[in-house]
There are 2 protein chains.
Amino acid sequence: MTDTRWLDDTEMAAWRAFLSTSHLLERRIEEQLKAAAGLTHPQYEILVRLADAPDRQMRMTELARGVVVSKSALTYQITRLEKAGLVERTTCPSDDRGVLAVLTEAGLRCLERVAPGHLAVVRAYLVDRLTRDELEVMTTAMRRTERALRE
Amino acid sequence: MTDTRWLDDTEMAAWRAFLSTSHLLERRIEEQLKAAAGLTHPQYEILVRLADAPDRQMRMTELARGVVVSKSALTYQITRLEKAGLVERTTCPSDDRGVLAVLTEAGLRCLERVAPGHLAVVRAYLVDRLTRDELEVMTTAMRRTERALRE
DNA sequence: CCAGGATGGTTCAAATCTGAACAACAAGTA
DNA sequence: TACTTGTTGTTCAGATTTGAACCATCCTGG
């Protein structure tokens with residue numbers, strides 16, 4: 001650890017751009033979702049994941065891994081979404097410890113109502129500004145580091 | 001707004017990969033900084049920005065813009081860093097409303113001590129896993145959306 | 001010179017996130 | 001069966017973030 005490998009200009013530029021952009025975009029998305037539906041970004045992501053899942057339900061731990069939040073944060077948000085009537089909790093039939101988060105009809109309708117506005121933001125600031133090649137490069141690059149980060 | 005432009009497979013893959021990876025990386029960085037120096041990532045970024053600035057000082061608002069946090073979050077963190085002796089507050093000579101955050105000697109030393117470990121993480125999960133071309137594509141792509149997000 | 005509107009920072013309340021501690025259950029082993 | 005170890009989800013305390021409200025200061029047009 002005695003000699004540090006600093007980042008050269010190319011590397012630093014990439015890292016800084018990535019960092020700033022991800023934070024800026026996150027803020028923008030958060031703002032849009034809050035204004036349009038009173039949802040936070042994690043909450044929206046939970047709805048999306050559940051909608052994509054078989055039977056629109058998922059185990060808590062798996063869901064937390066997918067959305068990339070801590071278990072306790074997920075517990076908090078599911079409770080919140082449950083009170084809003086968008087999600088329900090069911091005990092898992094095959095594992096008495098387990099809890100299944102299930103998307104309700106209201107939750108699905110909410111998602112369908114909110115998705116267009118959300119996607120418009122994702123498009124306006126990111127997707128529509130990247131070429132096809134850039135999108136593909138980003139996907140492979142991001143997936144490579146994602147896999148490393150998930151060990 | 002009647003017809004929604006959904007994301008096709010390529011677009012969705014890129015967006016999902018970007019989203020997950022940025023969150024995972026953020027968590028990893030946070031974990032490393034906390035363990036190594038008891039710093040949060042925003043705190044670390046503040047030190048970096050100040051170290052790079054002329055006279056190692058910056059106006060609060062400008063700093064908040066750079067680090068991408070709200071003004072109140074910056075106030076909070078600067079107060080925190082001030083108590084830790086890493087940063088000082090000075091009233092701006094040219095504007096009595098203004099406040100200059102100044103990096104102290106201790107702050108600079110702290111940064112120099114912490115940077116290697118932090119950069120090692122950035123390298124291990126992101127920079128070293130991307131080719132030169134990928135780094136450059138990412139930089140131009142990210143900068144394009146960053147510019148849009150900053151209006 | 002002054003009113004009126006921007007700008008800079010701080011304070012505040014409310015919401016959220018995290019890790020640690022915990023309790024209940026699962027699953028393999030002797 | 002009884003033990004041991006690992007997993008699951010919740011609870012809890014503490015830290016942090018955000019936007020709104022606020023005051024002080026700047027600045028421009030009349």
Side-chain angles (χ1 to χ4, degrees), chain A residues 22-46 50 57-84 87-102, chain B residues 22-46 57-84 87-102 151:
Chain A
S22 66
H23 286 165
L24 283 165
L25 189 51
E26 192 63 49
R27 283 166 74 79
R28 192 85 176 147
I29 287 171
E30 205 76 54
E31 174 191 31
Q32 191 276 327
L33 284 173
K34 190 77 72 183
L39 288 177
T40 66
H41 194 194
Q43 285 170 353
Y44 177 86
E45 281 299 314
I46 289 170
L50 289 179
Q57 61 184 24
M58 228 185 274
R59 288 290 292 271
M60 295 292 279
T61 297
E62 188 191 2
L63 190 48
R65 232 190 293 281
V67 180
V68 189
V69 290
S70 64
K71 288 182 300 174
S72 39
L74 184 65
T75 293
Y76 175 78
Q77 290 297 357
I78 290 292
T79 303
R80 213 112 205 350
L81 290 170
E82 208 175 15
K83 281 176 185 162
V87 163
E88 278 174 358
R89 265 186 243 247
T90 308
T91 50
C92 179
S94 62
D95 186 339
D96 281 346
R97 298 167 303 179
V99 171
L100 286 166
V102 190
Chain B
S22 66
H23 287 165
L24 283 166
L25 190 50
E26 191 63 50
R27 282 167 75 79
R28 192 84 176 149
I29 287 171
E30 205 76 55
E31 175 190 32
Q32 191 277 326
L33 284 172
K34 190 76 72 185
L39 288 176
T40 66
H41 195 194
Q43 285 170 354
Y44 177 85
E45 281 299 314
I46 289 170
Q57 60 183 26
M58 231 185 271
R59 289 290 292 270
M60 294 293 278
T61 297
E62 187 191 4
L63 190 48
R65 234 190 292 280
V67 180
V68 189
V69 289
S70 65
K71 288 184 299 174
S72 39
L74 184 65
T75 294
Y76 175 79
Q77 290 297 359
I78 290 292
T79 303
R80 212 113 203 359
L81 290 170
E82 207 174 16
K83 280 176 185 162
V87 163
E88 277 173 359
R89 264 186 244 246
T90 308
T91 50
C92 179
S94 61
D95 187 339
D96 282 345
R97 299 168 302 177
V99 171
L100 285 167
V102 190
E151 259 104 331

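All chains are named by letter (A, B, ...) in the order of the sequence lines, taking the proteins before the strands, and each is independently numbered beginning at 1.
Counting non-hydrogen atoms under 4.0 angstrom, B:S72 reaches a base of the nucleic acid. Counting any heavy atom pair closer than 4.0 Å across all strands shown, B:T40 reaches sugar-phosphate atoms only and no base atom. The residue B:Q77 sits close only to the backbone: its heavy atoms come under 4.0 Å of sugar-phosphate atoms, none of a base.
Counting heavy atoms of neighbouring residues, nucleotides and ligands inside a 6.0 Å radius, atom CZ of A:R59 exceeds 12 of them.
Scanning atom types as modelled, no donor and acceptor separated by under 3.5 angstrom connect the side chain of A:S70 and the base of C:dG19. You won't find any donor-acceptor pair under 3.5 Å spanning the side chain of A:R97 and the base of D:dT8, going by distance alone. Looking at A:T75, its side chain has no donor and acceptor atom pair within 3.5 Å of the base of D:dG9.
In this structure a side-chain-to-backbone donor-acceptor pair under 3.5 Å is present from A:E30 to A:H41.
Residue B:A73 places its side chain closer to D:dT17 than to any other of D:dT17, D:dT10, C:dA26. Here the nucleotide nearest the side chain of B:Y76, chosen from D:dT10, C:dT10, D:dT16, is D:dT16.
Each of A:Q43 and A:D96 was assigned the nucleotide of DNA chain C with the nearest heavy atom; the assignment lying further toward the 5' end belongs to A:Q43.
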Apply side-chain contact (heavy atoms from CB on, under 4.5 Å) to the pair B:R89 and B:T79, showing each step before the final yes or no. CA-CA 9 Å; B:R89 264 186 244 246; B:T79 303; 2.4 Å; yes
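Side-chain contact between B:T40 and B:Q77 is present, with at least one heavy-atom pair separated by less than 4.5 Å.
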